[in-house]
Amino acid sequence: MNLYSVKQLLYQEGQSQSVHIKGWVRTKRGNKFVNFLALNDGSCIKNIQIVADTDKFSEELMNRINTGACIAVQGSLVSSQGKGQSVEIHAKDIVILGEADAEAYPLQKKKHTLEFLREIAHLRPRTNTFGAVLRIRHTLAFAIHEYFNNKGFFYLHTPLITGSDAEGAGQMFRVTTLDPKNPPLTPEGNVDYSKDFFGKATNLTVSGQLEGELGAMGLGLVYTFGPTFRAENSNTSRHLAEFWMIEPEMAFYDINDNMDLAEDFIKYLVSQALLKCSDDLQFLSETYDPELINRLKNVVETSFARVSYTEAVEILLQSQPYRKGKFEYPVSWGTDLQSEHERYLVEKHFQKPVIVNNYPKDIKAFYMRQNEDGKTVAAMDVLFPQIGEIIGGSQREERYDKLLTRIKEMNIPEHELWWYLETRQYGTCPHAGFGLGFERLVLFVTGMGNIRDVIPFPRTPQNADF
Ligand code: 4AD
Ligand code: MG
């Protein structure tokens, strides 16, 4: 099939060439002699102009080609007289693949709000905004595999159905085939999950990390990249119930190696977007946020600030908004940093990305390596402008006794983690890793304001349409 994409035609040399193209009509305008159709096929942000002379194409046919219609065009590619494009197609043959009722088609030429577009998520990939976001999303996903592959990491596929709660946060979606109306019961009257599909209670995973660690302690360097699920009822612009996470796990890395990798990784990803998605970024920057491209360049060029949690709390306690009572949430050593605090550190104090490390152990997960002070763990969060936390990670507790004590202190069912504990009994080693929230990265790179607009079909509380 000698079918071209719009991208191929716009970026190649050569004229008066016979070409074949298919796509969706964005706009139609014209006069007595000629119709101009702007055609987009998703390959790039730009449209190609189709010129259809009225003496070649009947009015009846032209009336059926409206915004939203899908057409196939055969014609010659010639340099354009008009402004705004270098080449256009003079049509010889047009076939309508799918009509769209001009009145009823929800995507009219006028600008729609992002909220409205969420209600028609089945059609929004046809808009400039979502075309741009989804192409950038693809480029970032591809760059992630490229980055790790070049560094000798192996892509490890960890399970989505799991019997353990990796983060210990307890906000999981149950997976079961039991009849909800009539489940088997234990003598005590609880649901008897030993009769369930897997012979035990299972959930959708919140993280592939624990299995990632098993992989790293054999393959050395691994990463996961898959969907994760959290049943937290947070209706914010930064949370999804189903999101994608990238979790590298590295044998023999300590917390400093971990921070170095996280910084290098994220700079690589942002620089790939700048390199490969310039038209899409230009469009998003012109449409939504003139500072976008500068902000991206800034991340690539500056080295991230690194502070301990204790230092971060000191900075916050000295800050204007704290002293003027402007923070909504309290600041004190031992409480978790809220996104207003994180954004103050990044956007006001340091004015660049910040890695906060050595958090109090009581606000972090059981698997993080305990520091000598007995109070903190070797945790790290990477905080970004506009986003807040984009990466969370740590050096892992590799010492069996310390890990077991912590599991008991935190009332985590030890028997569910026997396999995790065994890796500390047989050939344990220092290791570390982190998790990058993929949608938070896409949010940052595209400059969009809401995480629902950087995943094709978002899952949030009360919303699983499409
Ligand atoms: O900080 P979190 O909970 O860390 C972990 O899950 C570790 N197991 C990672 C590891 O060390 N391998 O989540 C990691 C990142 C966060 O920094 C955030 O970017 C993203 O995942 N994230 C979410 N993104 C969208 N919606 C949510 N509900 C998210 N929860 C976390
Ligand atoms: Mg976190």
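When reading the values below, keep in mind they use all heavy atoms of this one structure, side chains included, and skip hydrogens, waters and symmetry mates. Just follow the structure's listing: the first ligand is 1, and inside any ligand the first atom is 1.
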Checklist entry - Can you check side-chain hydrogen bond (donor to acceptor under 3.5 Å, both in side chains) on Y420 and E213, steps first, answer last? => result CA-CA 8 Å; Y420 188 73; E213 288 186 50; 2.7 Å; yes
Next on the checklist: Is it true that R238 and N450 share a donor-acceptor pair across their side chains at a distance under 3.5 Å?
Outcome noted: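 No.
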Item to check | Under 3.5 Å side-chain donor-acceptor pair for T186 and D192 | outcome: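 Note: T186 and D192 side chains miss the donor-acceptor criterion.
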Checklist entry - So R135 and D279, salt bridge (charged side-chain N to carboxylate O under 4.0 Å, His left out) or not? Walk me through it. => result CA-CA 11 Å; R135 280 185 296 269; D279 285 356; over 6 Å; no
Any donor-acceptor pair under 3.5 Å from [X] side chain to [Y] backbone:
| X | Y | value |
| --- | --- | --- |
| R369 | Q395 | no |
| D264 | D260 | no |
| N258 | G433 | yes |

Checklist entry - Would a 4.5 Å heavy-atom cut-off, applied to side chains only, mark L261 and Y147 as touching? => result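 When only atoms from C-beta onward are counted, Y147 and L261 do touch, with a gap below 4.5 Å.
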Checklist entry - What count do you get for protein N/O/S atoms less than 2.8 Å from the Mg ion (ligand 2)? => result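 That number is 1, waters not included.
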Checklist entry - Can we say R424 and E422 salt-bridge, meaning some charged N sits less than 4.0 Å from an Asp/Glu carboxylate O? => result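 Here R424 does not pair with E422 in a salt bridge, since their nearest N and O are not under 4.0 Å apart.
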Item to check | Residues in contact with ligand 1, criterion: heavy atom under 4.0 Å | outcome: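 Shell around ligand 1 (4.0 Å, heavy atoms): E167, S207, Q209, R230, E232, R238, H239, L240, F243, M245, E247, Y367, E389, I390, I391, G392, G393, R396, G433, F434, G435, G437, R440, I451.
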